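What follows is a single structure, written as structure tokens, with notes after it.
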Amino acid sequence: MAEEQARPAKENAEENKIHLTIVTPRGVKFTEKADMIIMRCVDGDLGVLPGHAPLTAALGDGIFRIFNNGVEKKLAVFGGIAEIDDRTVNIYSTIAQRPEEIDRERAEMDRREVEATILEESEEHQVRRLRVLLHHALIRIEVSSHLEEAEYLKYEEEKEDDE
Amino acid sequence: MSSLKELKQRIANVSSTQQLIKAMDIVASTKLQRVRTQLERVRPIYRQLKRIVEEAGREEAARAHIFYAGREAKNSLYIVLTSDRGFSGGYNANIVAKALDHMNQGKNERILVVGSKGYEFFKKRGKNIIRKIIDLPDAQVYYGAEAIANWVIDLYRTGEVDEVFIAYTHFVNVLSYVPCVERLLPVVTGDKPPLVWSERKYEPDLATFIDNTIPLYLHMSLFRAFSEAHTCEQAARMISMDEAGKNAEEMLEELTSMYNRKRQAAITQELSEIFGSTTILHKGGDHGS
């Protein structure tokens, strides 16, 4: 009993978090608690705070941002589905990469190659496909540069508003 | 004497076959381990996606969507997953029989067959094979499944096929596999009544959500079915190789004991001949002196 009384404040704080699970074809990839999540849907960004109404969203290709205790983590997530409930968010996606898993050199190479070919290419659908590739490369570069900052940066409200 | 030589030859044959069997057994069991982990990893996402897709299908508005609304089934596409190689017991026979059984229920079938075993089977029966995939390397299964999913969606959207079925072998455990035929499109929503009003919202809207989700769902369904089938194939091969190994061992034992008996008999015969002749010689000598 004494123990239970000693921790209520902390437990409340814990309870008021989102339980995030990311599932990929390689199994459960990521479980984490978060204060806020910002994800890229097919038609724009979607922010989720605890207590969200039940929502199922189709995800687009983009940066998946997790904020917990003022720390921001970034993942590269390409497509998939987000199932959002009161306190849980489940992501089902084919690709979800952590910064340390991204092959930065390869992404940079993809970017250079695609940028060069887009200028030459005239076929409409080819260009569209290349743009997708470029988009993916840019996301990977952005997410992996997050790793280079070594320590995850403190999350500041103003900074977010700028973006 | 020639039968002794023959026996020796047979023993040599059986033992070299046994070595082959052992090698195949080892290959199958290592492959089994790999595909089994892959299968166990893909199952959760598949199940969850299936649940989400079914849930979305309960929405009143989804019922009219092309992926959910059934239409008159003029042409049915069957995706049949078989193996490229034999030595896997009844694995291929079971799945093609199951698929054939399903097609014979008055379906106008078009077949996408994976694996040369299934291809030979349906070709011999003059079935309408519209595409075959043979010798798909393991490493390409994932992207291959994605490409097939897109191809299937194209066929379905253009109205070339009105139903899509998949025939694969479900992996229960190493000793039991269940061949099954499931409908992929239009999506099976179960018997639950449609929801007129639900708390859950879909982003950006239900139709766009479905358009985005179904390709992913099909991709995962196919990848999972491939993994199931592949796991069964390796397990079946491992089991049948085990069985064959045991048979070979028994046969070898029998042959060896037969060989030994013959050899002994031959020696005994030779000995008795020698004894016989020496006795005669002895007697003959006695007689002479």
Side-chain angles (χ1 to χ4, degrees), chain A residues 18-31 37-49 51-62 64 75 77-97 101 125 128-129 132-133 135-136, chain B residues 34-59 61-62 141-147 149-150 195 197-228:
Chain A
I18 305 168
H19 294 255
L20 169 72
T21 312
I22 298 181
V23 184
T24 71
R26 315 203 112 259
V28 174
K29 172 85 185 217
F30 203 85
T31 50
I37 298 168
I38 297 178
M39 59 187 99
R40 169 61 62 122
C41 294
V42 277
D43 61 347
D45 279 355
L46 173 72
V48 179
L49 290 168
H52 201 285
L55 177 79
T56 309
L59 296 178
D61 301 338
F64 191 91
L75 301 176
V77 174
F78 300 125
I81 293 169
E83 200 183 28
I84 300 158
D85 278 299
D86 185 24
R87 289 280 185 279
T88 56
V89 172
N90 294 322
I91 306 292
Y92 308 106
S93 176
T94 47
I95 305 173
Q97 287 177 306
E101 287 168 340
H125 69 275
R128 212 180 316 134
R129 197 181 62 81
V132 171
L133 212 62
H135 187 47
H136 282 198
Chain B
R34 213 184 52 223
V35 288
R36 200 173 170 175
T37 18
Q38 185 191 54
L39 175 65
E40 268 151 23
R41 281 169 168 174
V42 72
R43 268 179 179 169
I45 189 170
Y46 162 75
R47 288 210 188 103
Q48 297 293 341
L49 282 176
K50 190 175 160 76
R51 181 181 55 79
I52 289 172
V53 165
E54 277 171 9
E55 238 167 58
R58 290 187 64 198
E59 301 276 332
V141 167
Y142 181 78
Y143 293 103
E146 190 174 23
N150 290 332
L195 294 170
W197 185 86
S198 75
E199 210 180 61
R200 185 161 286 280
K201 297 277 171 288
Y202 289 88
E203 174 76 23
D205 57 79
L206 191 58
T208 323
F209 174 78
I210 292 170
D211 284 339
N212 276 286
T213 307
I214 294 293
L216 178 67
Y217 168 64
L218 278 189
H219 178 194
M220 285 303 120
S221 293
L222 286 169
F223 182 56
R224 174 248 174 190
F226 268 103
S227 305
E228 297 266 3

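No hydrogens, no waters, no symmetry mates; every other heavy atom, side chains included, goes into these values. Residue numbers start from 1 in every chain, and the chains themselves are labelled A, B, ... in the order their sequence lines are given, proteins ahead of strands. Given the structure is predicted, the values throughout are model-derived calculations rather than measurements.
Of all non-hydrogen atoms in A:Thr56 and B:Arg200, the two that sit nearest each other are OG1-NH1, 2.8 Å. Listed here is the closest heavy atom pair of B:Ile45 and A:Val23: CD1-O, 3.6 Å. Residues A:Cys41 and B:Glu203 approach most closely at SG-CG, 4.4 Å, considering heavy atoms. Closest approach of B:Leu216 to A:Gly80, counting heavy atoms only: CD2-CA, 3.7 Å.
Options B:Lys201, B:Met220, B:His219 differ in how many heavy-atom pairs under 4.5 Å they form with chain A, and the most are formed by B:Lys201. Taking A:Asp85, A:Val28, A:Leu46 one by one and counting their heavy-atom pairs under 4.5 Å with chain B, the maximum is reached by A:Asp85. Most heavy-atom pairs under 4.5 Å with chain A, from the set B:Phe223, B:Tyr142, B:Tyr46: that is B:Tyr142. Ranked by heavy-atom pairs shorter than 4.5 Å toward chain B, the options A:Ala82, A:Gly79, A:Ala58 are led by A:Ala58.
Neither the backbone nor the side chain of B:Tyr217 comes within less than 4.5 Å of any heavy atom in chain A. Only the side chain of B:Glu55 comes within contact range of chain A, judged by heavy atoms closer than 4.5 Å. In this structure, the portion of A:Val42 lying under 4.5 Å from any heavy atom of chain B is its side chain and not its backbone.
Within residues 204-212 of chain B, the residues that have a heavy atom under 4.5 Å from a heavy atom of chain A are B:Pro204, B:Phe209, B:Asn212, listed by number.
Residues B:Ile52 and A:Glu83 meet the side-chain proximity criterion, which asks for heavy atoms closer than 4.5 Å.
Among residues two or more places apart in sequence or in another chain, the ring pair (Phe, Tyr, Trp, His ring centres under 6.0 Å) test is passed with A:His52 by none.
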